[in-house]
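The next block holds one structure in the form of structure tokens; read it before the comments.
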Amino acid sequence: MNNRILLSFYLLAISIQLVNSQDGFASVGEGTTGGAGGNTVDVCTEDELTTAIIDDTPRIVRVVCNITLEHRLFVGSNKSILGRTAGAGIAFQGLRIHSKKNVIIRGLQFCCAFDPSDGVTVENSTNVWIDHNEFYSDMDHHEDYYDGLVDVIMGSDFVTISWNQFRNHWKTSLVGSSDSRGDVDIGRLHVTYHHNYFQNCNSRMPSLRFGTGHIYNNFYENIVEYAINSRMGAQVLVEGNVFRNATLAITTSLYSIEEGYAVERNNDFGGSNNNITQVGTFTNPPYSYRIDRTSKIPYLVRQHSGQTILF
């Protein structure tokens, strides 16, 4: 067997491992397996996608084209929604995971979800993994023309957001919907962000209220206002990230009636400023993970984040 065939088998094994390997907070609790064990269906229209994802039956749903949505779609429990072809994705509206559990979204492009729709909204839901997607819009309109790219709100828990690209957007990713919802959010909102590429964005990467965030090995480039905002008593551990041309990398005292907490270690700020007013206590996530060296992060994240078709 020649070296090229061996390499092909090796890459296939890595792809299979990536498809089936949950990580971060999505691995906590009941874990996140998506539609594993269910039937596989291919979809290319809004009606087909709606039918495939609305119930709670385990199912692997493969999007084979770019679908322009007229309505925001609700996602049921036990689903893997995967991009099957290059350019497969969803435009103008988004996906809403409301009071559900065990969902994987991978390999899709999400463009231009008009306010009040997000690209993906995780609402009162648990064990969600958002991995290897591309989220983008434009900054030519007012900041409220679009809403968030990925928002995690209303007591959601055990969410991982990994290896995605976020670009050209005002309000990128919010965790915790408002300062007044501590009644549903305190003790929940455990979210991991790792190996994401945030490029040409204004703010919220993420902005996190009340919850607990582990933010590691992300690459931030050309950030206009701020990258990470911990507020309303939130605890964030920020480690091994790289910032380039970011006005403010980390803040704990912005846009809320109560400050948040942050622990930062081994980041490359590239001259960016910080405003950490309260040092946090969250230093040891309840799962195994590996920190890549910051010198490798720009290459790793640029080359391997974004829409990836893993079959």
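Side chains of Ser137 and His169: a donor on one and an acceptor on the other come within 3.5 Å. One side chain, Gln109 or Gln307, offers a donor N or O that lies under 3.5 Å from an acceptor on the other.
Contact check on Lys171 versus Asp144 returns a salt bridge, with a Lys/Arg side-chain nitrogen under 4.0 Å from an Asp/Glu carboxylate oxygen. Look at Asp157 and Lys101 and you find no salt bridge, because none of the NZ, NE, NH1 or NH2 atoms lies under 4.0 Å from a carboxylate O. Ion pairing between a basic and an acidic side chain is recognised when a charged N comes within 4.0 Å of a carboxylate O; Asp56 and Lys79 show no such pairing. Using a cutoff of 4.0 Å between basic side-chain nitrogens and carboxylate oxygens, Arg231 and Glu259 are not scored as salt-bridged.
Residue Arg72 is tested with Ile90, Leu95, Thr121 for a side-chain contact (heavy atoms from CB on, under 4.5 Å); the sole match is Thr121. Paired with Thr192 under the rule side chain to side chain donor-acceptor pair (under 3.5 Å), one option of Tyr289, Trp129, Tyr287 passes, and it is Tyr287.
Taking the six-membered ring where tryptophan is involved, the planes of Trp163 and His304 are perpendicular, since the angle between them exceeds 60° and thus also 30°.
A donor-acceptor pair under 3.5 Å links the side-chain atoms of Ser156 to the main chain of Asn124, judged by distance alone. One N or O on the side chain of Ser305 and one on the backbone of Val301 form a donor-acceptor pair closer than 3.5 Å. Remark: side-chain polar atoms of Asn218 are paired, donor with acceptor, to backbone N or O of Tyr216 under 3.5 angstrom.
By the 6.0 Å contact criterion, CG on Asp138 is enclosed, its count of non-hydrogen atoms from other residues, nucleotides or ligands being greater than 12. No more than 12 heavy atoms of other residues, nucleotides or ligands shown are found within 6.0 angstrom of CD on Glu30.
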Notebook entry, point to check: Given Asp185 and Arg209, is the salt bridge (Lys or Arg N to Asp or Glu O under 4.0 Å) satisfied, shown in steps?
Noted result: CA-CA 8 Å; Asp185 288 341; Arg209 295 180 176 99; over 6 Å; no
Check: Could you walk me through whether Phe114 and Phe92 pass the ring-ring contact (aromatic ring centres under 6.0 Å, His included) check?
Finding: CA-CA 6 Å; Phe114 299 119; Phe92 300 148; 5.5 Å; yes
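Seen from the ring of Tyr136, Arg167 counts as a face-on cation partner, given the 6.0 Å and 45° thresholds.
Under the 4.5 Å side-chain criterion, counting only non-hydrogen atoms from C-beta, Val75 is in contact with Ile81. Under the 4.5 Å side-chain criterion, counting only non-hydrogen atoms from C-beta, Glu221 is not in contact with Asn245.
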